[in-house]
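Structure, as structure tokens:
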Amino acid sequence: MCGIVGAVAQRNVVPILLEGLKRLEYRGYDSAGLVVATGNTLTRLRKPGRVAELEAEIKKQKTHGHLGIAHTRWATHGAPTERNAHPHVSEDSLAVVHNGIIENHEELRLRLSGMGYCFTSDTDTEVIVHLIHHHYQQKKDLLGATRLAVAELKGAYAIGVICADAPNKLVCAREGSPLLIGVGIEEHFIASDQSALLPVTQKIVYLEEGDVAEIGLLDFKIIDRNGKPANRQVQISELRAERAELGSYRHFMQKEIFEQPRALAETLEAVLGYGSLDPKIFGEKAEKVLKAIDSVTIIACGTSFHAATVARYWLEGVAGIPCSAEVASEYRYRDSVPNPKTLIVTISQSGETADTVAALKHAKASGHKYSLSICNVPESALVRESDLRFLTRAGPEIGVASTKAFTTQLAALFLLVLVLGKLRGRIDAAQEKGHLDALRHLPSMISQVLLLEPQIELWAERMASRQHALFLGRGPHYPIAMEGALKLKEISYIHAEAYPAGELKHGPLALVDSDMPVVAIAPNDALLEKLKSNLQEVRARGGELYVLADQDSHVSPQEGVHLIKLPEHAGLLSPILHTVPLQMLAYHTALQKGTDVDKPRNLAKSVTVE
Ligand code: F6R
């Protein structure tokens, strides 16, 4: 959730660190800081608030140096104040930046206080810097001291360490939080996310769990958790710098909403060139695994959980395989009944969401044999932990509110439905062709839906003055209502809830009056007539309806009923189409309210802590 960037170079590294922080800011934006080594002294600057505040201070102080580490924070332990901002230092000579949570920090704090270390923050991170300092005093070897220190940590960490005595050396380590090395020409970098380094290098070395590395100007060495030298491959990042930049858009969320036709086309590119789907799109062993399973459990958090919930309707209804969808933070601590023939599917944009990764580990430990992850980040923890995988090709998602990741997850899940449906004899060749044709048409259908933006803006103008909103849907559009409500609440701060429309009269109808806008997803599917009855119940209580229908849904605008019709009914893919106007509604409502669309309060991208 926080971001780390570090550099050792012959040039001034401050602009590199600052640019890296700006690119990582979406991951955490409570406070930011950096420390650079100049000669044998460390200079530290920290600021609560955004990276821009830190930048202003750097300009004022003319900070520079050839070695440095920097951090953007999302507060867990301790308020977002300057004293809690990273880097943390020990005895003015050693500095650390940290992502993750140290679970045994209280016990370590007591021990280190007993040794005379003075704590100046409320963070768990401060124990790391003092611990490394303590070992460094005995060994005068930064790599060795860091290895001894991390061996005493319980929890998750990615850390960067520098020391005033070693002006050309950067040490880093990871366990449970991502960290990578960027390889330049006579300069090296570290970062928690490759997007931070795109302006300086595309050569990336991913550290593995338990690795500790020492990075110099000319080379680096990596030691694995057993103390052995490790050879990790240099990979060329496929990410292009412009993919992570705003271009002509006002916000990343807006850019990412409008990128969906491209993101879907790229996600489907590898599979749509053929007349028939090969199970291998999920991995070499996929056919064997998918034939062996008798049920599917999908585990995810937040928006990705909504994708799981849509897939449940598809998997049972189309592929005829029992399916459950579980919230990862519940599943990992629930006494569930493992079935070794269940396929565990995890879904995640980042692949680093702590609860989802832990839920997968829990499923495997409790006897599940088969796992598949659907993920947007190739080298993420989740992908590495899974036997089978499908990579969505949405490109970097920077806006905190997930948009293109969600629709590409749905496309990937639909491919799983088709493959399982075929293997189980539920989909014949003609039906498969029909579904593949529909998928081919999907990007252009989304482009058509994006043209509805001016109509959505009119809805947003009305929505922006409301305190609450209800979202209704039925069948696979119920999770889309959940997604619409989540988008609205997280970026516009309007309280929004979603219900299956049939549940209305079991309680939520009591909330409906003329102050309650009710957004209804009304595609022309088998449940349309039932949904229309539910909408009558809302109108009868004076509720104002905002109905998203299809061309042939036979719903008419009237007083208290605002209507937007999608260009065509997309059949089974309709949930993907109906998502897009809801994303635009949340976006434009937030714009009207003047909230920080890409960095909503209290949130951060990639929830790498519990
Ligand atoms: C909401 C949102 C979050 C994420 C959730 C899971 O817009 O973005 O709810 O969907 O934190 O994240 P991933 O998909 O990275 O596991």
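In listed order, ligands and their atoms are each counted from 1.
- When only interatomic distances are considered, the shortest N/O to N/O separation between Ser402 and ligand 1 falls below 3.5 Å.
- With ligand atoms numbered from 1 in the order given, ligand 1 contributes 13 (P), 14 (O), 15 (O), 16 (O) to contacts under 4.0 Å with heavy atoms of Ser348.
- Considering backbone and side-chain atoms alike, Lys605 places every N or O at 3.5 Å or more from each N or O of ligand 1.
- Among protein heavy atoms, atom 11 (O) of ligand 1 sits closest to Val607 CG2, 3.9 Å.
- The two residues Gln260 and Thr403 come nearest to each other via the heavy atoms OE1-O, 3.4 Å.
- Across Leu585 and Met463, no two heavy atoms sit closer than the pair CD2-CE, 4.1 Å.
- Residue contacts with ligand 1 do not include Leu382, since none of its heavy atoms lies under 4.0 Å from the ligand.
- When every heavy atom of Ile344 is checked against every heavy atom of Tyr331, the shortest pair comes out as CD1-OH, 4.2 Å.
- Looking at ligand 1, you won't find any N or O of Gln409 less than 3.5 Å from one of its N or O atoms.
- The shortest contact between atom 15 (O) of ligand 1 and any protein heavy atom is with Ser350 OG, 2.7 Å.
- For the pair Lys605 and Asp193, the salt-bridge criterion is not met [side-chain N within less than 4.0 Å of a carboxylate O].
- With ligand atoms numbered from 1 in the order given, ligand 1 contributes 7 (O) to contacts under 4.0 Å with heavy atoms of Ala401.
- Taking the centre of each ring, His562 and Tyr546 come in below the 6.0 Å mark.
- A side-chain donor-acceptor contact under 3.5 Å links Arg174 to the backbone of Leu207.
- Heavy-atom proximity to Ser304, at under 4.0 Å, picks out these atoms of ligand 1: 10 (O), 13 (P), 14 (O).
- Remark: side-chain polar atoms of His71 are not paired, donor with acceptor, to backbone N or O of Cys2 under 3.5 angstrom.
- The backbone N or O of Glu208 lies less than 3.5 Å from a partner atom in the side chain of Asp211, making a donor-acceptor pair.
- Residue contact check: Glu490 has heavy atoms under 4.0 Å from atoms 1 (C), 7 (O) of ligand 1.
- Between Glu544 and Arg466, at least one side-chain N (NZ, or NE/NH1/NH2) sits under 4.0 Å from a carboxylate O, which counts as a salt bridge.
- One option in Thr353, Thr403, Leu486 has a heavy atom closer to atom 12 (O) of ligand 1 than any other, and that option is Thr353.
- The distance criterion of under 3.5 Å between nitrogen or oxygen atoms is met by Val400 with respect to ligand 1.
- Scanning the protein heavy atoms around atom 5 (C) of ligand 1, the nearest turns out to be Cys301 O, 3.7 Å.
- Shortest contact from atom 4 (C) of ligand 1 to any protein heavy atom: Thr303 N, 4.0 Å.
- Only side-chain heavy atoms of Lys487 come within less than 4.0 Å of ligand 1; its backbone N, CA, C and O stay farther off.
- The main-chain N or O of Ala405 is never found under 3.5 Å from a side-chain atom of Asn376 such that the two would form a donor-acceptor pair.
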